[in-house]
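One structure is given here, and the rest of the page talks about it.
Numbers restart at 1 for each chain; the letters A, B, ... are given by sequence-line order, proteins then strands.
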Amino acid sequence: MLKKRYRLRKRGSFAYVRTHGTKYNDRYLTLGVVRGNCKLVGFVVSNKIGKAVKRNLVKRRMRGAVRELWTSIGSGQYIFSARTGITELGYAEIKERISALIAKACGVKGAAAENRT
RNA sequence: CGAGAUGACCGGACGGUUGCGACACGACUUGUUUGUGCCGAGGAAAGUCCGAACACCGCAGGACAGAACGCCGGCUAACUACCGGUGGAGGCGACUCCAAGGAAAGUGCAACAGAAAUAAACCGCCGAGUAAUCGGCAAGGGUGGAAAGGCGAGGUAAGAGCUCACACGGCCUUGCGGUAACGCGAGGCGCUAUGUAAACCCCGUUUGGUGCAAGAUCGAAGGGACAUGAGUUGUCCGCUCCCCCUUCUACAUCGCAUGAAUCUUACGGUAACGUAAGGUCAAGACAGAUAACCGUCCACGACAGAAUUCGGCUUACAGGUCAUUCUCGCCAG
RNA sequence: GCUGCUAUGGCUCAGUAGGUAGAGCACGUCCUUGGUAAGGACGAGGUCACCAGUUCAAGUCUGGUUAGCAGCU
């Protein structure tokens, strides 16, 4: 599991990433990224996903996956948003999809930075 | 053996690796550090439907309105909950269910059907009359959820509680039993009275508002202003205050985890529950902590995630366990 | 976490002192026109979100459930 100090926690940070970040989409996940020196990750699981038990389960799995892939992530602020239907996936699938998104984001790092400025 | 009834309980287990949150004790590089120990979701944590604690609203006052409840007795911090009884309804039964005061205080409503709906005469019956028609009656028919008690006898022109009987219904008086609701009897009164109060209402009881995003501590700017205004309920009265309003920033610390707590035993009580003794401290976050993988076993795992805290209610739920428990049916002896 | 509101034909809505559920648009058939639109006539379409209760009778009254919407920060 990810320690608290590596997680994105402030309301303002979420708003910043959402408006200024580059987005990468998947069938079940959305990733928003802003480059920076520190390395912070946030998770969004909305009410649409399900009731409290399902939401918590999804959130835990996402955190667990990110922890295992921690070394492959570059510095910056990340937000993973869950989309409807994700409750049908197992842990392994979620992990695969997250790693694919991370690869995509880190691969086009330079281009994303140019577009932003 | 099968079908049920009632009450209580459990809610995968064990082991290994990696990982997360709070707390305690250490370490040194003194902080977004690290090591060890210990603890870490539920019977409903849910819905937010009642009742409280606690906090604030200057005081927490009054009246009306509004709201809730409504057989009796207990229990409780409190309650509309709970327990026991009474009455009623359902079931062959064990047993279950019931917002269960007042309809002669008043008002409203009762569609359609039906002659007529709180009111009396369509068909009908009887009498008078040649007949038209007039008078008497409410037994029978039919409508309706409901038609001025039921059934029998007497009585009559025909009929009618008009009169009488009833282990019938109602009202009044009274005896016995019960704390009481009420029950079981006795006597009297021929007896007018439909339903609806989960329609307004009447009677009785209770009730100030807002809710931990309550609130306490810590800022800045702008505007109004000496009687306006404000003081969190709809209206009014009373009382009080001198400052009030708006916007923005910050989201830290406290509130915040020992409590009407819970477990065991004993005693009292039919029970809810109470009393005494002893034991236990057992989540406390603020983008919000329980996951991933593997192995073994079985019934192959449902509903579902704490957010101020308790007592209830309601709703969801795979499967399973227990009881000198209770009922019905079938078979055998 | 807390507090409110709504649910009626395909769509937008009425329906207040319980008594056989209505309007507009849309839809179908016919008339009108050389044809279309407009207009006219007729018609179909409803478990009144769901489950119980009160009542002779419930869209309406009472309790519960489920969806959806809004506000408080």
Any idea if [N] is syn or anti, going by the 90°-from-0 cut?
N: B:G144; value: anti
N: B:G161; value: syn
N: C:A37; value: anti
N: C:A17; value: syn

For atom [atom1], what is the distance between [N] and [M], given to the nearest Å?
N: C:A26; M: C:G9; atom1: C1'; answer: 11 Å
N: B:A199; M: C:U54; atom1: P; answer: 12 Å
N: B:G183; M: C:U20; atom1: P; answer: 42 Å
N: B:A138; M: B:G150; atom1: P; answer: 13 Å
N: B:U192; M: B:U179; atom1: P; answer: 40 Å
N: C:G15; M: C:U8; atom1: C1'; answer: 9 Å
N: B:G154; M: B:A165; atom1: P; answer: 16 Å
N: B:C56; M: B:A302; atom1: C1'; answer: 45 Å

Please name the nucleotide paired to [N] by Watson-Crick or G-U wobble geometry with both distances under 3.5 Å, or report none.
N: B:A22; answer: none
N: B:U240; answer: B:A230
N: B:A158; answer: none
N: B:C56; answer: B:G209
N: B:C326; answer: B:G4
N: B:C176; answer: B:G183
N: B:G215; answer: B:C254
N: B:A13; answer: B:U296

- request: Output yes when at least one side-chain N/O atom of A:R61 is less than 4.0 Å from OP1 or OP2 of B:A292, else no.
  value: yes
- prompt: If you measure from OH on A:Y91 to CG on A:L57, what distance do you get to the nearest 0.5 Å?
  reply: 12.0 Å
- request: Check the distance between B:C20's P and A:K59's NZ and give it to me in whole angstrom.
  value: 18 Å
- prompt: Can you name the residues that form a salt bridge (Lys or Arg N to Asp or Glu O under 4.0 Å) with A:R61, not counting sequence neighbours?
  reply: none
statement: Listed range with range, the stems formed with RNA chain C by at least 3 consecutive Watson-Crick or G-U pairs (under 3.5 Å) are C:1-7 with C:66-72, C:10-13 with C:22-25, C:27-31 with C:39-43, C:49-53 with C:61-65
- prompt: Looking at side-chain heavy atoms only, is the closest gap between A:I102 and A:F80 below 4.5 Å?
  reply: yes
query: Side chain of A:R63: nearest nucleotide among B:C293, B:G288, B:G305?
result: B:G288
statement: Sorted by chain and number, sequence neighbours left out, side-chain contact (heavy atoms from CB on, under 4.5 Å) with A:A82 holds for A:V45, A:I49, A:V58, A:M62, A:I86
